[in-house]
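The structure appears right after this line, and notes come after that.
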Amino acid sequence: MDMPVPNAAIMSRKVEVVRRLSEALPDNTVIHEPNETRAYECDALTAYKCAPLAVVLPSSTEEVATILRICHEEGVPVVPRGSGTSLAGGALPTADSVILGVARLNEVIETNYDDRYIRVQSGRTNLSVTGAVEEDGFFYAPDPSSQLACAIAGNIAMNSGGAHCLKYGVTTNNLLGVTMVMMDGTVTEIGGAHLDAAGYDLLGLICGSEGQLGVVTEATLRILPKPEGARPVLIGFSSNEVAGACVSDIIKAGVLPVAIEFMDRPCIRATEAFAGAGYPDCEALLIVEVEGSDAEIDEQLGKIKKIAESHDPVELRESGSPEESARIWLGRKSAFGAMGQINDYICLDGTIPVNELPKVLGGIRDLSQRYGLEVANVFHAGDGNMHPLILFDANKEGDLDKAEEMGADILRLCVEVGGCLTGEHGVGVEKRDLMTAQFTPDDIEAQLGIKDVFDPAWLLNPAKVFPLASTETRRIAAE
């Protein structure tokens, strides 16, 4: 996965770029010494690293505009960065680029409970948005597994979801407006504190655009009243395929749980060793949670348990207390950390139609046997957002390449059954060369044309999303 070779002319201008940025910004905003920029040479896709030209950490929209204007004038690419939790290399720098980190943009600007929105700076962490309103009985619905650390900026860039997206949707369903700075330093407002904006749905373009179109500095987010109550049920099965069939039947029955989460045996085994949540000895399990009044919960769980029983579950356990609910969720919330303790892994996020779950889980099992690499499955089953974890040994020559080849085959399988390459992690560098598996040349050209309009110099987040040959051709033509 090659990154572009740094442009010698730009590299020779490093001193001038750092000088201009340092003079225009407050002290301690510009980082350029190699030992200081090392922390920014990769994101959570740690297999790929590249030291940036410099790093800037602004504290306001005005400072972001200044940074982008200077970099635009100097012809220096800019890589926006939230908290660096991207699993697709979305914040991986190129050697000729400046990292623009938004971590210091972390304030709550406005809270409006009557109209149910909160306006925050984009560097604020996902979980702290709910933290700002929960004492008043509200919450922010999207809840990625990395919500303790991930920034709203990254959530918007990748259109992140989480365990509760089945009922509440992903970021795009909870985003009302943004303040965004264009590459030339122009500040623009898109959407706002209302359900629908006039004109074209530019907000729909921005959410999920992976930092290709502008840098979001502020976001207006929908907040919701906390539900009256919630209760999960834990269901164990004898195989992945049976668990997948149960998910499909729950969705077909018209029941709308707040979450349906899936874990298979390798993941169950790792999380039990790590967290001791008390999961059953089975091949696969589902955590299904519903919300509402006690009567509503009883009715919904009654239907779900009846469906589950038709699939001959190994165990069916309904929570009887808040403490038991916390234990049911403990293993799922610990899954990625638990797997990281036992192996290096690649985490994918292809998305498929729910009725195709049994077929795709069987296909993943077959690919695991063909490549000789174990796979642990943990994912948001309700909306078909797969998260197969391909286990490999980073110290074994060729193992990473084999894992990436297998990952590509899994993603192609997702597309073949009517799904897509990414549900919430984004394309980044990880899937850019797989874009042709989902999109025709005309489809990709239309997307490139949108990038041309927003960033005609092709300086924002280079070498991401689109096949590298396409982006480099565009960038050279713009010079």
Side-chain angles (χ1 to χ4, degrees), residues 2-25 29-34 36-37 40-43 48-58 60-81 89-102 153 157 180-188 206 209-217 428-429 432 447-479:
D2 298 327
M3 301 302 291
V5 176
N7 184 299
I10 292 178
M11 290 299 291
S12 69
R13 274 188 276 152
K14 175 178 178 177
V15 173
E16 176 64 10
V17 171
V18 169
R19 181 193 67 78
R20 289 193 64 187
L21 290 171
S22 298
E23 288 180 354
L25 298 166
T29 301
V30 182
I31 300 170
H32 61 89
E33 295 296 339
E36 296 176 322
T37 61
Y40 298 89
E41 66 185 9
C42 70
D43 52 25
Y48 298 93
K49 300 179 180 181
C50 180
L53 198 72
V55 177
V56 282
L57 303 173
S60 68
T61 296
E62 293 72 25
E63 289 178 11
V64 172
T66 297
I67 293 161
L68 291 177
R69 177 178 52 78
I70 291 172
C71 290
H72 184 260
E73 291 171 358
E74 295 289 343
V76 174
V78 174
V79 176
R81 180 184 175 103
L92 178 66
T94 52
D96 58 350
S97 67
V98 167
I99 288 275
L100 194 161
V102 298
M180 188 175 79
V181 186
M182 311 290 283
M183 187 62 217
D184 64 359
T186 302
V187 179
T188 184
I206 301 307
S209 61
E210 304 195 29
Q212 294 279 308
L213 308 182
V215 177
V216 173
T217 59
V429 297
R432 66 186 181 193
Q447 295 175 57
L448 293 171
I450 293 171
K451 169 78 166 169
D452 286 337
V453 171
F454 280 82
D455 179 25
W458 277 74
L459 294 175
L460 277 169
N461 214 8
K464 313 287 170 53
V465 180
F466 306 108
L468 191 56
S470 298
T471 62
E472 285 306 286
T473 299
R474 234 46 174 224
R475 184 176 167 184
I476 290 170
E479 288 180 351

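These numbers come from the heavy atoms of this one structure, side chains and all, not from hydrogens, waters or symmetry mates.
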Once rounded to the nearest 0.5 Å, what's the spacing between atom [atom1] of [X] and atom [atom2] of [Y]?
X    : Y    : atom1 : atom2 : value
E472 : W458 : CD    : CH2   : 9.5 Å
H72  : M182 : NE2   : CE    : 10.0 Å
I70  : L25  : CD1   : CG    : 6.0 Å
L57  : I31  : CG    : CD1   : 4.5 Å

[X] side chain near [Y] side chain, heavy-atom distance below 4.5 Å:
X    : Y   : value
L459 : C71 : no
T66  : R69 : yes
P77  : D96 : yes
P52  : V79 : no

Main-chain N/O of [Y] paired to [X] side chain as donor or acceptor, under 3.5 Å:
X    : Y    : value
R432 : A463 : yes
K464 : L92  : yes
K451 : L460 : yes
N461 : G211 : no
S60  : E63  : yes

- Message: The criterion is salt bridge (Lys or Arg N to Asp or Glu O under 4.0 Å); which residues satisfy it with E16, sequence neighbours excluded?
- Response: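 Here the qualifying residues are R19.
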- Message: Pair F466, Q212 - check side-chain contact (heavy atoms from CB on, under 4.5 Å), show working.
- Response: CA-CA 10 Å; F466 306 108; Q212 294 279 308; 3.9 Å; yes
- Message: Run L100 and V102 through side-chain contact (heavy atoms from CB on, under 4.5 Å) and show every step you take.
- Response: CA-CA 7 Å; L100 194 161; V102 298; 4.0 Å; yes
What are the two closest non-hydrogen atoms of [X] and [Y], and how far apart are they?
X    : Y    : result
C50  : A95  : SG-N, 3.3 Å
L448 : S470 : CD1-CB, 4.1 Å
P58  : G101 : CD-O, 3.1 Å

- Query: Would I206 and F454 satisfy side-chain contact (heavy atoms from CB on, under 4.5 Å), going step by step from the backbone distance to the final call?
  - Reply: CA-CA 10 Å; I206 301 307; F454 280 82; 4.1 Å; yes
- Message: Please determine whether a side-chain nitrogen of the Lys or Arg among D43 and R81 lies less than 4.0 Å from a carboxylate oxygen of the Asp or Glu.
- Response: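 No, D43 and R81 are not salt-bridged.
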- Message: Do the side chains of E74 and R20 get close enough for a salt bridge, i.e. N-O under 4.0 angstrom?
- Response: yes
- Query: With V181, which of V216, T217, T186 fulfils side chain to side chain contact (heavy atoms under 4.5 Å, CB included)?
  - Reply: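 Only one option passes, and that is T217.
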